[in-house]
Amino acid sequence: MASLSRVIATVVGGIVLAVLGYVAAGLIGGAIPTSANWHAPSQGIEIFVETNGIHTGLIVPKVAAGVDWRGIARPSDIADPRYAARTHLAIGWGERAFYLGTPRWTDIRLSTTLHAATGSDDTLVHVEHVERPTPNIDQRVIILRPQEYRRLAAFIRASLDGTHPAHRHGYDRHDAFYAGRGRYDAVRTCNAWTGAALRSAGVRVGWWTPFAVTVMGWF
């Protein structure tokens, strides 16, 4: 019995150390800047980085700098096409089972979280038709040069499976899920995707951003 207790204690201790190590590595990675000399221009393309406290995503204009999202985020893809008249899109990337199984954060289950964290190639891009937000603590504005915005758009498009990927209605009347590309795991999380998208544009952000705070802390 004593031997079993020691084994259990060793396993639990190992798990705790692994979790603490992961958190520490994420915070350190998120604090190391990339594109350290980048600064926002006084004028340019206005985008937003947003968070709900756990997940981050990007809000972009439907048409700007030669980029037109209307051919991908079509009115017929959402439950109520009238919402397609809105001016912006909120875009996030994540693992299918986690996305579809957690319409609210109260729906999170340990099994779903572990499945996503251990790795999945079944990913989705979540797209919401929204109006331009007023900048606030959860939706922070970033100004990009036209070429930077086009690089950001290219990264987002590369996360979609095809020019017009298969879709399904989302949580509400104004959003949809599209088939995604890329592997989701504990390293490449939804927040790491947001950070990678911003890095692709040349924006100053953390080297690795697995948590919402490691993204939002830069803006």
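Between the side chain of T209 and the backbone N or O of V205, no donor-acceptor pair lies under 3.5 Å. T189 contributes a side-chain N or O that, together with a main-chain N or O of A192, makes up a donor-acceptor pair within less than 3.5 Å. With R199 contributing its side chain and G206 its backbone, the two residues share a donor-acceptor pair below 3.5 Å. Judged by distance alone, the side chain of D77 and the main-chain N or O of R168 form no donor-acceptor pair under 3.5 Å. Counting only distance, with no hydrogens or angles, the side chain of R86 and the backbone of H129 share a donor-acceptor pair below 3.5 Å. Between the side chain of K62 and the main chain of A84, a donor-acceptor pair closer than 3.5 Å is present. R150 places a side-chain N or O within donor-acceptor distance of the main-chain N or O of A65, the cut-off being under 3.5 Å. A side-chain donor-acceptor contact under 3.5 Å links Y22 to the backbone of A186. Side chain of N191 to main chain of P210: a donor-acceptor pair is present (N/O by atom type, distance under 3.5 Å, no hydrogens or angles). Using a distance-only test at 3.5 Å, with no hydrogens or angles considered, no donor-acceptor pair links the side chain of W218 to the main chain of V213.
The shortest distance between side-chain heavy atoms of E131 and Y83 does not fall below 4.5 Å. Side-chain contact between T87 and P61 is absent, with no heavy atoms from C-beta onward closer than 4.5 Å. Taking 4.5 Å as the limit, some side-chain heavy atom of L58 sits within range of a side-chain heavy atom of L152. Between F211 and L27, the closest side-chain pair of non-hydrogen atoms falls below 4.5 Å. Between T194 and W93, every side-chain heavy-atom pair lies at or beyond the 4.5 Å cut-off. You'll find the side chain of H167 stays beyond 4.5 Å of the side chain of V127, heavy atoms only. Looking at I47 and I91, their side chains never come closer than 4.5 Å, going by heavy atoms from C-beta outward.
To the nearest 0.5 angstrom, I59 atom CD1 is 10.5 Å from I142 atom CD1. Note: H169 NE2 to D80 CG = 10.0 Å, rounded to the nearest 0.5 Å. Interatomic distance, OG1 of T214 versus CD1 of I28, reported as 12.5 Å (0.5 Å rounding).
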- What do the steps show when you test E46 against R132 for salt bridge (Lys or Arg N to Asp or Glu O under 4.0 Å), and what is the final call? CA-CA 10 Å; E46 182 187 75; R132 177 198 177 274; 2.7 Å; yes
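Closest non-hydrogen pair, N52 versus H55, comes out as OD1-N, 2.8 Å. Closest non-hydrogen pair, S200 versus F155, comes out as OG-CB, 3.4 Å. For P81 against A79, the heavy-atom pair with the smallest separation is CD-O, 3.6 Å. Looking at every heavy atom in both residues, F219 comes nearest to R140 through O-NH1, 3.1 Å.
Partners of T51 by side chain to side chain contact (heavy atoms under 4.5 Å, CB included), not counting sequence neighbours, listed by chain and number: T56, D138, A212, M216. By the salt bridge (charged side-chain N to carboxylate O under 4.0 Å, His left out) test, R151 pairs with no residue at all, sequence neighbours left out.
Checked against the 6.0 Å centroid threshold, W193 and Y184 do not count as a close aromatic pair. Remark: aromatic rings of F177 and H126 are close, center separation under 6.0 Å.
Tracing side-chain contacts under 4.5 Å through hydrophobic residues (I, L, V, M, F, W, Y), one reaches Y149 starting from W38; they form part of the same cluster.
Ring geometry for F48 versus H88: interplanar angle over 60°, hence perpendicular rather than tilted (30 to 60°).
Using a 3.5 Å distance cut-off with no hydrogens or angles, the side chains of T123 and E95 do not pair a donor with an acceptor.
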